[in-house]
Amino acid sequence: MANKEWQNQTTVSEFILLGFGDLPKLELLLFLLFLVIYLVTMVGNLLIVWLVLADQHLQTPMYFFLGNLSFLESCYTSTILPRMLASLLTGERGISIKACFIQFYLFACLGGSECYLLSVMSYDRYLAVCKPLHYTTLMNGKLCLHLAAISWISGILVSTSTTLSVMSLSFCGPNEIDHYLCDLSPVIKEISCSDTYVVEMMAFIFACAFTLPPFLLRLTSYTLIIVTILRIPSTTGRQKAFSTCSSHLTVVALFYGTLMLVYMLPRSRNLRGVKKVFSLFYTVLTPMVNPLIYSLRNKEVKKAMEKGFRKLTIHVAFQKSCFLTIKTKSIGL
């Protein structure tokens, strides 16, 4: 019976992302707010990528993974905020089905990769704190490349399989999605007119397979790190050991705390607005605060930043001096 009803409904050619359309008076304010967040996020993360590539002192396993994370966060934010900003500015909320699938694919790919990359960074900190004498031998360049590649490939695999399964569904009116991005749950729950049981089960299996192992790895790593730190006799030694992983622990808590809160809340129309707001924390705010956390709480990053800006200032001054010299000579001629 249900299949006949679905067949009688009109197949849609585009979706409507409602976003924050229920707050029309705040759209300009939200546009300016998200524009500032986007600019800060891109500048902060790309600055860290530049520092890791340019400064020889930051070319270590820890900063190699940090550079990967910052590049990932730049891409992650760019899959969400530009379209959201355009929607807030123009009021246009329509998105083609193809564009929606592309956004979901990139969002899932980068989100899955981040889960594994944060776990790899936890393992790196475990080796640095718990196996300091063997750290440089164990965490060599080859292993770093392999771990980073595994993180990226894992995200690609889970997003590809999930996106293909969602694309096999049929979609019909109403075509409104009460979200600011094409996420899996609202797409298959609100507008799909196919039987979504197989897709939901596949998504659940992939979610368990691609999030539970990284979570257990992080939990085990930080448990062993805390035990090791507590065994250090001197207070100074404990503080120094904890400072090497406190920034990463803060990032993990922010990302996973809000992510778990959103997906653990019961499915209810009354909670859609709450979920939407909390989704902003792991999709928009976490990528912005990551470079701030790592730079403000890390002396090596701050030193590299000061050195980089000093070199840039000298270079600009030299170029300006050369330009003035050439201009003076040309006037003299």
Side-chain angles (χ1 to χ4, degrees), residues 44-45 48-49 51-52 55-70 72-73 113-148 150-151 154 210-261 264 281-282 285-306:
N45 282 291
I48 287 184
V49 173
L51 289 174
V52 171
D55 196 293
Q56 202 169 14
H57 295 93
L58 298 184
Q59 292 175 4
T60 62
M62 175 182 171
Y63 295 108
F64 170 75
F65 295 127
L66 177 57
N68 271 266
L69 179 64
S70 295
L72 185 149
E73 296 284 32
S113 298
E114 183 165 0
C115 289
Y116 268 87
L117 192 56
L118 289 173
S119 299
V120 167
M121 293 174 75
S122 299
Y123 178 67
D124 173 69
R125 292 301 84 206
Y126 157 73
L127 291 179
V129 175
C130 302
K131 309 284 185 181
L133 298 178
H134 305 284
Y135 176 70
T136 53
T137 305
L138 295 172
M139 192 58 72
N140 53 55
K142 188 176 181 180
L143 180 61
C144 289
L145 289 173
H146 286 168
L147 291 174
I150 289 171
S151 300
S154 298
F210 284 89
T211 59
L212 189 57
F215 175 76
L216 293 176
L217 178 59
R218 280 188 298 274
L219 183 63
T220 304
S221 296
Y222 276 105
T223 300
L224 295 172
I225 287 171
I226 291 171
V227 170
T228 302
I229 290 174
L230 292 175
R231 288 177 179 172
I232 297 175
S234 66
T235 305
T236 306
R238 285 196 297 269
Q239 290 177 346
K240 185 177 180 181
F242 185 73
S243 66
T244 63
C245 55
S246 58
S247 298
H248 180 252
L249 188 58
T250 304
V251 170
V252 169
L254 282 172
F255 181 76
Y256 274 93
T258 53
L259 183 66
M260 292 174 67
L261 185 62
M264 288 178 68
F281 281 86
Y282 68 86
L285 295 180
T286 301
M288 181 187 70
V289 300
N290 279 0
L292 297 176
I293 291 171
Y294 281 109
S295 60
L296 293 176
R297 303 186 65 178
N298 192 304
K299 292 180 180 179
E300 289 179 315
V301 174
K302 285 193 283 189
K303 285 181 180 178
M305 201 177 295
E306 291 172 2

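Predicted model only: the values in this text are computed from it and were never measured.
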List in chain and number order the residues that pass ring-ring contact (aromatic ring centres under 6.0 Å, His included) with Tyr222, two or more places apart in sequence or in another chain; answer none if no residue qualifies.
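Applying ring-ring contact (aromatic ring centres under 6.0 Å, His included) to Tyr222 gives His248.
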
Contacts of type ring-ring contact (aromatic ring centres under 6.0 Å, His included), residue Tyr126, not counting sequence neighbours:
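Partners of Tyr126 under the ring-ring contact (aromatic ring centres under 6.0 Å, His included) test: none.
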
Check: Glu73/Asn45 side-chain N/O donor and acceptor closer than 3.5 Å
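Asn45 and Glu73 do not have a side-chain donor-acceptor pair below 3.5 Å.
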
Side-chain polar contacts of residues 139-146 - donor-acceptor pairs under 3.5 angstrom, sequence neighbours left out - could you list them?
residue, atom, partner, partner atom, Å
Asn140, OD1, Lys142, N, 3.2
Asn140, OD1, Leu143, N, 2.9
Asn140, ND2, Thr137, O, 3.2

From [X] [atom1] over to [Y] [atom2], what is the distance, rounded to the nearest 0.5 angstrom?
| X | Y | atom1 | atom2 | value |
| --- | --- | --- | --- | --- |
| Tyr123 | Leu224 | OH | CG | 11.5 Å |
| Phe281 | Met288 | CZ | CE | 10.0 Å |
| Leu219 | Thr223 | CG | OG1 | 4.5 Å |
| Leu66 | Asn290 | CG | CG | 8.5 Å |
| Ile225 | Leu230 | CD1 | CG | 12.0 Å |
| Leu58 | Ile48 | CG | CD1 | 9.5 Å |

Evaluation steps, side-chain contact (heavy atoms from CB on, under 4.5 Å), between Val120 and Leu217
CA-CA 8 Å; Val120 167; Leu217 178 59; 5.9 Å; no

Taking all heavy atoms of Arg125 and all of Tyr135, pick out the closest pair and write down the distance.
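In terms of heavy atoms, the two residues are closest at NH2-OH, 3.5 Å.
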
Which heavy atom of Gly67 sits nearest to which heavy atom of Val49, and what is that distance?
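Gly67 and Val49 have their closest heavy atoms at O-CG2, 3.6 Å.
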
Determine whether a donor-acceptor pair (N or O, by modelled atom type, separation under 3.5 Å) exists between the side chain of Ser151 and the backbone of Ser113.
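Between the backbone of Ser113 and the side chain of Ser151 there is no qualifying donor-acceptor contact (under 3.5 Å).
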
